[in-house]
Amino acid sequence: MQDIFFYIFAFLTLLCGVMVVANPFSRNPVTSAMFLVLTIASMAGLFVLLHAFFLAAVQVLVYAGAVMVLFLFVIMLLDLKEEERRKLNTYGIAAAVIGVGSIAAILVKTLAESKVGEGLAMPVKQGQVKELGNILFTQYLLPFEILSVLLLVAMVGAILLSKKDLK
Amino acid sequence: MQVGLEHYLVVSALLFCLGLLGVILRRNVLIMYMSLELMLNAANLALVAMSRFNDNLNGQVMVFFIITVAAAEVAVGLALIVALYRRKQSAHVEDLTSMKL
């Protein structure tokens, strides 16, 4: 049963990822953003299958909620009508597809040959949220506090950058 | 065939390649930025899968940090894109060549 869900969610993730990058019907950034939301939601499904419930919730809240709203606001702020009129460089597309396709082939082939999962059975431990909180506030307390400073710096930077007369 | 670590890692690798393709292929700064997010998410998936199959929570803590840093990065990056658009009236990388020698 879990295996079927894995294949469904993996297929949805990859399909929506393709639609973000190369949607054959529309080159509108809003469409890409919407498909990115779907990608992130199906990836949250994969996280649930991996018993990372807290991260699945955070993924939906932070990415599909906060980050994508930010993206959509910026898309609305900018006038991107001309995007659809640009014509594409055929040689560039061919080179990009061949290059990235070979990287993908190398990665997948390596993973298939290496047998990284050999001997690693799926553990049966449940309810990891409590343990995650424990480890986050004891062993990783200092990085956690530094992260709050990082968020403050990002906030100040974003406000400074969006001032009218940027020096 | 039972789904194991390899399956998750293959999905993660393919997703990473999709993000890379988007950064190379698309010329719109916003869509390139979304592709960057896709690549970060692929790394997250690999970390969570490793953490699950090794029965070790450190990977999940790492993903938590990555998500926070990505949120901060998106805020600053989008502010930069808006500032750039105000100056150049374009969100197309081919028009942003003022640093070219």
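Chain naming here is simple, since letters A, B, ... match the order of the sequence lines and numbering starts at 1 in each. Remember, predicted model here, so these are calculated numbers, not experimental data.
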S.K.: Heavy-atom distance under 4.5 Å to chain B: side chain of A/Thr39, backbone, both or neither?
M.R.: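 Only the side chain of A/Thr39 comes within 4.5 Å of chain B.
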S.K.: Counting only heavy atoms closer than 4.5 Å, note whether B/Leu47 contacts chain A via side chain, backbone, both or neither.
M.R.: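 Neither the backbone nor the side chain of B/Leu47 comes within 4.5 Å of chain A.
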S.K.: Is it the case that more than 12 heavy atoms not belonging to B/Met62 sit under 6.0 Å from its CE atom?
M.R.: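 No, CE of B/Met62 has 12 or fewer neighbouring heavy atoms, counting only those of other groups under 6.0 Å.
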S.K.: Non-hydrogen atoms of chain B under 4.5 Å away: do they reach the side chain of A/Leu36, the backbone, both or neither?
M.R.: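 It is the side chain, since no backbone atom gets that close.
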S.K.: If every non-hydrogen atom of A/Phe71 is compared with every non-hydrogen atom of B/Val74, which pair is closest and at what distance?
M.R.: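 Looking at all heavy atoms of both residues, the shortest contact is CE1-CG1, 4.4 Å.
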S.K.: Based on non-hydrogen pairs under 4.5 Å, which of B/Val23, B/Ile81, B/Leu14 is most in contact with chain A?
M.R.: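 Counting heavy-atom pairs under 4.5 Å, the top option is B/Leu14.
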S.K.: Below 4.5 Å, heavy-atom pairs only: which of A/Val20, A/Leu132, A/Leu78, A/Val153 has the largest tally toward chain B?
M.R.: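 With the most close heavy-atom pairs to chain B, the winner is A/Leu78.
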S.K.: Locate the shortest heavy-atom distance separating B/Ala71 from A/Val62; write the atom from each residue and the value.
M.R.: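 Looks like CB-CG1, 4.1 Å.
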S.K.: Please classify the contact of B/Thr68 with chain A as side chain, backbone, both or neither, using a heavy-atom distance under 4.5 Å.
M.R.: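 The answer is both parts of B/Thr68.
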S.K.: If I measure from the heavy atoms of chain A, does B/Phe16 come under 4.5 Å with its side chain, its backbone, both, or neither?
M.R.: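 It is neither, since no heavy atom gets under 4.5 Å.
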S.K.: I need the residue from A/Val67, A/Val108, A/Leu107, A/Leu55 with the largest number of non-hydrogen atom pairs under 4.5 Å to chain B.
M.R.: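 Ranked by heavy-atom pairs under 4.5 Å with chain B, first place is A/Leu55.
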S.K.: With sequence neighbours excluded, what pairs up with B/Met50 under the side-chain contact (heavy atoms from CB on, under 4.5 Å) test?
M.R.: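 B/Met50 satisfies side-chain contact (heavy atoms from CB on, under 4.5 Å) with B/Leu5, B/Leu9, B/Asn54 only.
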S.K.: Report, by ascending residue number, the residues of residues 141-148 of chain A in heavy-atom contact with chain B at a distance under 4.5 Å; give 'none' if the set is empty.
M.R.: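 Against chain B, the residues of residues 141-148 of chain A that fall inside the cut-off (heavy atoms, under 4.5 Å) are A/Pro143, A/Phe144, A/Leu147.
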